[in-house]
Amino acid sequence: ENRYDFRAIEERWLPEWRRTQPFRAGGPDDERPTKYVLDMFPYPSGDLHMGHAEAYALGDVIARYWTQRGFNVLHPIGWDSFGLPAENAAITRGLDPRGWTEDNIAQQRTSMERYACSFDWDRVLATHRPDYYRWNQWIFTRLHERGLAYRKHSNVNWCPKDQTVLANEQVVGGLCERCDTPVTKKKLNQWYFKVTDYADRLLDDLDTLQATWPSKVIAMQRNWIGRSTGADVAFRIEGRDEPIDIYTTRPDTLFGATFMVVAVDSDLAAEIAQRADAGVQQQFDAYLEQVRGSSEIDRLSTERPKSGVFLDAYAINPVNGERLPIWASDYVLADYGHGAIMAVPAHDQRDLDFARAMDLPVRAVLDCRDENGESLPDPAESGVATTGDGTLINSGDLDGLDKERAIAAITARLETEGRGRASTNYRLRDWLISRQRYWGTPIPIVHCDACGEVAVPDDQLPVELPPTDGLDLKPKGTSPLGAATDWVTTTCPRCDGPARRDTDTMDTFVDSSWYFLRFLSPGKTDGPFDPAEAARWAPVDQYVGGVTHAILHLLYARFFTKALHDMGMVDFEEPFSALLNQGMVQMDGSAMSKSRGNLVRLSDQLDEFGVDAIRLTMAFAGPPEDDIDWADVSPAGSAKFLARAWRLARDVESTPDADAATGDAALRAVTHRTLHDCASLVEGFRFNVVVARIMELVNATRKAIDSGPGAADPAVREAAEAVAILLSLFAPYCSEDMWAMLGRENVARAGWPAVDESLLVEETVTCVVQVKGKVRDRLEVSPDISDGDLEAAAMASPAIQRALDGAEIRTVIVRAPRLVNIVPV
Ligand code: ANZ
Ligand code: ZN
């Protein structure tokens, strides 16, 4: 066979790999250094799609690279298999969610094998299986023991369509993350994990990830945790014994407070309204009703006019004794700070909008200036609050202080007077984990009239989901498990009396918060994972996945890791040492979807171009973080290149092995430079550049065969072997076939060839320097010189200085590394 036939090659090697399982991770006596490379595990919602194909192609480059570098690589895969799609398939099509899920898993696994993912197939797990979720329950009980899992009545995000609660993280722009329905609020008794106990550590430890996580993700995590510092200030309320606290980041503006606002849906607002006359109460009730019916998205919109009700009550400003009218409004949130604020309209835009809408006074207490030192216009006139630094005015003996000093001075004074204290607040809320749905991990709690909430003891775990028979899974606001009477009815583990099982299930983000640890000992029956294995492998050296998980999943996994650390189960505090976010695969500039009719089916692409060509295309399309537009890439071009590479091995096949050192020096220089550079390029995730460099090496080798020393030259064989090894990161089938033609076995374990440093002579290229289009000098420069460096080198040339003769320069056109054109005025 002289033609590159990807189908035949796939058929040859796939059964071979199935048999040999080349990517089983080495055991404890393997002496190679370890590397844990992890791809985010998929949701089994159908067959693999183009997005999976991109993610797994890129993760595989990394895993296969470290194997070639002599590491003992762990690269496992499993399924995040609880959740709504299985349940919805069960509801709409009457299917059993277990069967549906297992079928999809089987299909995805077959596709992953065909796609030649270098997974360790001995470690697969699926979170819907009792041998996995048993340990969710075990961890839950440990958190419960420590007060980190608790139940409380609260106003929760509610999706009216899915009929289930949502964590804050699952509300995106006021809409349900899954179905885009506007989210409302509902008061329910729900389970929480106390993430807020870890807020400072979750924030501060981001510093340790600065160099190895995308800065965007770090910024998103920071922002989500949202730590701010300021002061709690106690305001006396007329007719109320207890003063109320407000939280402010700007105690320096206290003299500018002209009214107070309490969250309309807070207990405090209801209490104050109750003290007012019937008219006010009625207005308040009507307003509250209106706010409850509106979605979060409307509430938080800055576009919407401010609304509120005056409660006919007054607070006393502690610094100057002024009476401040108290209003109730929806722009103050009940569950942030104290649910009440002092409003300083001159220096806070939301307060100013409200003041203007309600005709309340505005008083500037900071003189703020623009960059020219001019005072900014009075906010009362301009409608624009001055929120920057400035000098205090209208603030009694504090006048003249700058903002920072004033904050310190006022906070200290409030503290001595016992009317306030420095305070820190977080946007982060505790993680609401209970769901009123069937397809999830049952909460391992039994409710007993005598003993209260009792955790199910370890020897009674797992609490398995009851069968779906006879259960109505349709969302209706209470858990479908409530109808499984035999299941719900149980005995109390503490007093043996009659008791009821908790009927909520856990948010599926619980499942994915520690799965990377389960991979280390997936069969373990007496614990969630083996601490010795965790010490050997974890934390994950390289995590690969979509930026869609930048907040939720990563934050929760980080929380779990810290909690497990505090339980003495792991000796590290961050789960993922390095993170790579790949972009999305799009089509014609928009996301692919069935409804848009622009869906590209992975299986069609694989049939048409072959696995290797698709994998190579994914890597070659651009930097991994960028989105790939499938309309702009060329899998056919990739296939053609692979055929070209493959023919090198065909040509070299029958030539004898000989000492490469006696071969053509020019080709050897290209081979070794390529191997040398590609190592750091892979480690820097510049996969597209690596592919380009392999293409150059293939071209150089082809030239050496056809019009150079010929196929029998030992440097040609050396080059062909290097191509096979480099290609093994991207195109496993083609490279394995090449390797076999070259008389070897198992290219994935060939090892990275030793680079001969003496061959790495610095190449240069000639750069032409023109003045007004006329060539005035030639410079020998490095091929990867930057535009800036090249421009500087050109300007420093004596010949150019002479040609310019002191003329002023209008523009410099730089095309590194080949051309600089200087145009004088
Ligand atoms: C007075 C003030 C004057 C404020 C000023 C700002 C500027 P972060 O940074 O997000 O923590 N605030 C406090 N509790 C609130 C609540 N429950 N709902 C809505 N807003 C609330 O913001 C803290 C600032 O947001 C606080 O500082 C308070 O307004 C407001 F020139 O107090 B400030
Ligand atoms: Zn009991």
Side-chain angles (χ1 to χ4, degrees), residues 155 199 222-233 235 244-269 291 296 299-300 302 306 308 315 317-319 324 327-355 362-366 368 376 379 384-390 392 394-395 403 406-407 410-411 414 420 422-429 445-457 490-501:
N155 258 327
R222 284 228 162 88
N223 196 25
W224 190 260
I225 297 164
R227 182 165 65 193
S228 77
T229 53
D232 288 338
V233 184
F235 281 70
I244 64 167
D245 277 343
I246 60 98
Y247 172 65
T248 177
T249 46
R250 298 288 307 275
D252 57 311
T253 63
L254 249 168
F255 283 89
T258 52
F259 56 100
M260 177 179 271
V261 185
V262 293
V264 57
D265 49 346
S266 64
D267 294 342
L268 185 61
V291 169
E296 192 112 327
R299 249 185 101 159
L300 297 178
T302 46
K306 291 270 178 296
N317 188 335
V319 290
L324 308 179
W327 287 68
S329 174
D330 62 355
Y331 84 96
V332 171
L333 306 173
D335 63 352
Y336 187 75
H338 302 286
I341 65 158
M342 66 169 189
V344 184
H347 305 296
D348 183 296
Q349 191 62 45
R350 298 160 299 181
D351 296 344
L352 184 56
D353 293 344
F354 192 85
V362 179
R363 184 196 308 140
V365 289
L366 259 79
C368 300
L376 291 168
V384 180
T386 51
T387 56
D389 286 356
L392 265 69
N394 298 326
S395 298
K403 176 179 156 190
I407 288 175
I410 295 208
T411 308
L414 290 168
S423 163
T424 303
N425 264 273
Y426 303 84
R427 204 171 94 77
L428 184 70
R429 301 276 83 114
I445 291 285
V446 159
H447 299 278
C448 167
D449 286 339
C451 313
E453 269 165 25
V454 183
V456 177
T490 185
T491 51
C492 170
R494 199 170 293 161
C495 72
D496 260 344
R500 285 156 290 108
R501 288 195 189 284

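Order of appearance sets the numbers: ligands from 1, and atoms from 1 within every ligand.
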For this session: Would you check if the side chain of Thr253 reaches a backbone N or O of Gly256 as a donor-acceptor pair within less than 3.5 Å?
Result: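 No.
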
Exercise. Distance-only, no hydrogens or angles: does the Arg227 side chain make a donor-acceptor pair with backbone N or O of Thr424 under 3.5 Å?
Worked result: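 Pair absent, no side-chain N/O of Arg227 close to backbone of Thr424.
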
For this session: Would you sort out whether Ile244 and His338 count as a side chain to side chain contact (heavy atoms under 4.5 Å, CB included), showing the intermediate values?
Result: CA-CA 9 Å; Ile244 64 167; His338 302 286; over 6 Å; no

Exercise. For Asp449, which residues count as a salt bridge (charged side-chain N to carboxylate O under 4.0 Å, His left out) partner, sequence neighbours excluded?
Worked result: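 Residues passing salt bridge (charged side-chain N to carboxylate O under 4.0 Å, His left out) with Asp449: Arg500.
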
Exercise. Which atoms of the protein, restricted to N, O or S, are nearer than 2.8 Å to the Zn ion (ligand 2)?
Worked result: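 Atoms qualifying: Cys448 SG, Cys451 SG, Cys492 SG, Cys495 SG.
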
For this session: Looking only at non-hydrogen atoms, find the nearest pair between Ala263 and Leu333 and report the distance.
Result: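 Of all heavy-atom pairs spanning Ala263 and Leu333, the closest is CB-C, 3.7 Å.
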
Exercise. If every non-hydrogen atom of Ala257 is compared with every non-hydrogen atom of Asn317, which pair is closest and at what distance?
Worked result: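 Distance-wise, the nearest heavy atoms are CB-ND2, 4.0 Å.
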
Exercise. Will you find, in the side chains of His347 and Thr387, an N or O donor that is under 3.5 Å from an N or O acceptor?
Worked result: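 No, Thr387 and His347 have no side-chain donor paired with an acceptor closer than 3.5 Å.
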
Exercise. Hey, does Val261 have a side-chain heavy atom less than 4.5 Å from the side chain of Arg350?
Worked result: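 A side-chain contact is absent here, since even the closest heavy-atom pair is not under 4.5 Å.
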
Distances for all N or O pairs of ligand 1 and the protein under 3.5 Å?
{"unit_1": "ligand 1", "atom_1": "11 (O)", "unit_2": "Ser228", "atom_2": "OG", "d": "2.6"}
{"unit_1": "ligand 1", "atom_1": "11 (O)", "unit_2": "Tyr336", "atom_2": "OH", "d": "2.4"}
{"unit_1": "ligand 1", "atom_1": "17 (N)", "unit_2": "Leu333", "atom_2": "O", "d": "2.8"}
{"unit_1": "ligand 1", "atom_1": "17 (N)", "unit_2": "Tyr336", "atom_2": "O", "d": "2.9"}
{"unit_1": "ligand 1", "atom_1": "18 (N)", "unit_2": "Leu333", "atom_2": "N", "d": "2.9"}
{"unit_1": "ligand 1", "atom_1": "25 (O)", "unit_2": "Arg350", "atom_2": "NH2", "d": "3.3"}
{"unit_1": "ligand 1", "atom_1": "27 (O)", "unit_2": "Thr248", "atom_2": "OG1", "d": "3.4"}
{"unit_1": "ligand 1", "atom_1": "27 (O)", "unit_2": "Thr249", "atom_2": "N", "d": "3.0"}
{"unit_1": "ligand 1", "atom_1": "27 (O)", "unit_2": "Thr249", "atom_2": "OG1", "d": "3.2"}
{"unit_1": "ligand 1", "atom_1": "32 (O)", "unit_2": "Thr248", "atom_2": "OG1", "d": "2.7"}

For this session: Identify, with sequence neighbours excluded, every residue that meets ring-ring contact (aromatic ring centres under 6.0 Å, His included) alongside Phe354.
Result: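 Phe354 satisfies ring-ring contact (aromatic ring centres under 6.0 Å, His included) with Phe259, Trp327, Tyr331 only.
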
